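Okay, so here's the structure we're looking at.
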Amino acid sequence: MAGDGEYDYDIYDEDIYADEDPYNVDDYNWDPYSTGEGSSVPIPKPRSRQQRRLDAARQQRRVDAAQGIINIHHDAYMVKEPCRTSALTGKEWLAELTVGHPKRMYQSFRMSKANFFALCDLLESRYGLEEGERVSVQEQVAIFLWIVGQRANNRNAQERFQHSGETISRRFHNVLHSLNAKAIEWIKPWPWPREEVHSKILRNSRYYPHFANCIGAIDGTHIKAHPEPDQLLRWIGRKGYPTQNIMAACDFDMCFTFALTGWEGSAHDTRIFNDCLRNPRIQFSGPTRRTFGVWKARWPLVCDIPVGYTMETQRELVSATMAIHNFIRRSNMPDIPFCFYDRRPNFLPSDVGVETTVPNGQHGRVIVGDDQDMENVRASIRDWIVANRIR
């Protein structure tokens, strides 16, 4: 083949490449996709030592950040350090109150020891409240009563009962649902001989004989509400801030016999009353200021419900606490608020400081002259009673 003049050197002769560097970088600084002059693909340049050092630092920061995330996840979900480690757990605290001074039980749960354990037995036996894995029925009821009676929040209850926030919330709502099932049977007229005149009327010359056939009284009250932002205006009424307008009826023993909750604060009292009469689903049997006074004084959380409760829960809290109110009254056991009112038959509580916690007593602008027609009706009834009473 060499004789034909086709090749003038041996391609396997190493002497031919002796002067060439096979690792010369310059030989590789070309664009394999280049189409010649005017190619748009830039020719890569070797990175300097400083740039390589910066790249290494960035990469190390990424590794450190990833390691930090892994450590946080590990500490939070893999190795959990107990947070509530107090020796005085909720169970131990409740046991201490049980054998302690009777006032401690009332100051903590707003009821006597006898009423507390009777309520626990009733909710467990008739209204579906079940004992938890680590929380007894008594402790569940204590959690609910302590939050409602002390106007405490979830974090306060966690520290008091040494349970997680999720446990506190779940047990609170379990008791709330059981109490609302109880409210259906307890917020209604109590059986008594209707053919007889009630002793509260018979012994009072202002009422007898004008109200000889009266079985109770109807009234309404406003408590603070926290609706969704898009529904805020509907709940702002004559008080100038969002409220829940509650209409209720009570008998002469200061027990609630009917309650309609969940109406917006802007709703007129007459509209709510007419809805009760026209709605066949509402069994209206047709409260007074004294009854509302005992109820609000016992359960301060209901008067000023904190932010965070849904409107459904806010309505259920009203019914649940009214059911407990009736339970305590009808238990025929000594109770401090009821005894106070029984000894003072003419005492009327003040709304100042009950429906508001703002220092100046105002959450917003009070609309002057609102419900003037209803005020005139009340005044005419009052004048008639005064003019025709038996002296």
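All of these numbers come straight from a predicted model, not from anything done at the bench.
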Next item on the list: Begin from the C-alpha positions of Val148 and Leu317 and carry the test side-chain contact (heavy atoms from CB on, under 4.5 Å) through to its verdict.
Entry: CA-CA 9 Å; Val148 178; Leu317 279 171; 4.2 Å; yes
Notebook entry, point to check: How far apart are the C-alpha atoms of Leu94 and Phe116, what are their side-chain angles, what is the distance that settles it, and do they pass the side-chain contact (heavy atoms from CB on, under 4.5 Å) test?
Noted result: CA-CA 11 Å; Leu94 183 58; Phe116 174 80; 4.1 Å; yes
Item checked: CA sep, side-chain torsions, deciding dist, call: Arg298, Phe338, side-chain contact (heavy atoms from CB on, under 4.5 Å) -> CA-CA 10 Å; Arg298 191 187 301 273; Phe338 283 123; 3.5 Å; yes
Check: Hey, mind stepping through Arg171 and Glu139 against salt bridge (charged side-chain N to carboxylate O under 4.0 Å, His left out) and telling me if it holds?
Finding: CA-CA 9 Å; Arg171 300 307 176 186; Glu139 189 174 357; over 6 Å; no
Next item on the list: Report the C-alpha distance between Arg126 and Glu185 in whole Å, list the side-chain angles of each, state the deciding distance to 0.1 Å, and finish with yes or no for side-chain contact (heavy atoms from CB on, under 4.5 Å).
Entry: CA-CA 11 Å; Arg126 293 183 55 185; Glu185 300 181 8; 2.7 Å; yes
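In this structure the side chain of Ile324 reaches within 4.5 angstrom of the side chain of Met111, judged on heavy atoms. Here the side chains of Trp295 and Val302 are in contact, with some heavy-atom distance below 4.5 Å. With contacts defined as side-chain heavy-atom distances shorter than 4.5 Å, the pair Arg155/Glu159 does not qualify. Side-chain contact check for Trp299 versus Val318: every heavy-atom pair is 4.5 Å or farther apart. Residues Ile218 and Phe258 fail the side-chain proximity criterion, which asks for heavy atoms closer than 4.5 Å. Side-chain contact between Thr291 and His325: present, with at least one pair of heavy atoms (C-beta onward) separated by less than 4.5 Å. Side-chain atoms of Lys188 and Thr257, non-hydrogen and from C-beta on, never get closer than 4.5 Å to each other. Residues Leu301 and Pro306 are in side-chain contact: their nearest non-hydrogen atoms beyond the backbone lie under 4.5 Å apart.
A salt bridge does not link Arg329 to Asp251: none of the charged nitrogens lies less than 4.0 Å from a carboxylate oxygen. Salt-bridge check for Arg58 with Asp55: passed, with a basic side-chain N closer than 4.0 Å to an acidic carboxylate O.
At a threshold of 4.5 Å between side-chain heavy atoms, the hydrophobic network of Ile, Leu, Val, Met, Phe, Trp and Tyr places Trp186 and Met333 in two separate groups. Ile328 and Phe109 fall within the same hydrophobic cluster, where Ile, Leu, Val, Met, Phe, Trp and Tyr residues are linked whenever their side-chain heavy atoms come under 4.5 Å apart, directly or through other members. In the hydrophobic clustering of ILVMFWY residues, with side-chain heavy atoms under 4.5 Å counting as a link, Met105 and Val137 come out together. When hydrophobic clusters are built by joining Ile, Leu, Val, Met, Phe, Trp and Tyr residues whose side-chain heavy atoms come closer than 4.5 Å, directly or via intermediates, Tyr106 is not grouped with Phe117. No path of Ile, Leu, Val, Met, Phe, Trp and Tyr side chains, each step under 4.5 Å between heavy atoms, connects Val294 with Ile336, placing them in separate hydrophobic clusters.
For CD of Gln50, the number of neighbouring non-hydrogen atoms (other residues, nucleotides, ligands) closer than 6.0 Å is 12 at most. Glu312 CD: more than 12 foreign heavy atoms inside a 6.0 Å radius. Environment of CD in Glu130: sparse, with no more than 12 heavy atoms of neighbouring residues, nucleotides or ligands closer than 6.0 Å. With a 6.0 Å radius and a threshold of 12 heavy atoms from other residues, nucleotides or ligands, Lys91 has its NZ atom at or below the threshold. Within a 6.0 Å radius of CZ in Arg49, no more than 12 heavy atoms belonging to other residues, nucleotides or ligands are found. Counting heavy atoms of neighbouring residues, nucleotides and ligands inside a 6.0 Å radius, atom CZ of Arg134 does not exceed 12 of them.
Residue Phe256 comes nearest to Arg330 through the heavy atom pair O-NH2, 3.9 Å, listed as atom of the first residue, atom of the second, then distance. For the pair Ser319 and Ala183, the tightest heavy-atom approach, listed with the atom from each and the gap, is O-CB, 3.8 Å. Pairing each heavy atom of Leu232 with each of Pro227, the nearest pair is CD1-CG, 3.9 Å. The shortest heavy-atom contact between Met322 and Ala259 is SD-CB, 3.5 Å. Here the closest non-hydrogen pair linking Leu122 and Tyr127 is O-CD1, 3.5 Å. For the residue pair Thr98 and Lys113, the shortest heavy atom distance occurs at O-NZ, 2.8 Å.
From Ile246, atom CD1 reaches atom CG of Asp219 across 11.5 Å, with rounding to the nearest 0.5 Å. For the atom pair CG of Asn115 and CG of Asn332, the computed distance is 10.0 Å after rounding to the nearest 0.5 Å. In this structure, Lys224 NZ and Gln244 CD are separated by 13.5 Å, a value rounded to the nearest 0.5 Å. Put simply, OG1 on Thr261 and CZ on Arg315 are 7.0 Å apart, with the number rounded to the nearest 0.5 Å. Here CG of Asn154 is found 6.5 Å from CD1 of Ile147. Values are rounded to the nearest 0.5 Å. Separating the CZ atom in Phe327 from the CD1 atom in Ile187 is a distance of 14.0 Å, to the nearest 0.5 Å.
Residues His173 and Tyr309 keep their aromatic ring centres 6.0 Å or farther apart.
Side-chain atoms of Gln231 never come within 3.5 Å of backbone atoms of Glu228 as a donor-acceptor pair (strictly under, hydrogens ignored). No donor-acceptor pair under 3.5 Å is formed between the side chain of Asp121 and the backbone N or O of Ala118. Checking side-chain atoms of Glu131 against main-chain N and O of Gln138 turns up no donor-acceptor pair under 3.5 Å. Between the side chain of Gln162 and the backbone N or O of Ser86, at least one donor-acceptor pair lies under 3.5 Å. Within the 3.5 Å criterion, the main-chain N or O of Gly165 finds no donor-acceptor partner in the side chain of Ser169.
Taking the ring axis of Trp93 as reference, the NZ or CZ atom of Arg160 stays within 45° of it and closer than 6.0 Å to the ring centre.
Residues Arg84 and Gln158 bring a donor and an acceptor atom of their side chains to less than 3.5 Å of each other.
For the side chain to side chain donor-acceptor pair (under 3.5 Å) with Asp64, the lone residue among Gln60, Arg62, Arg61 that qualifies is Gln60.
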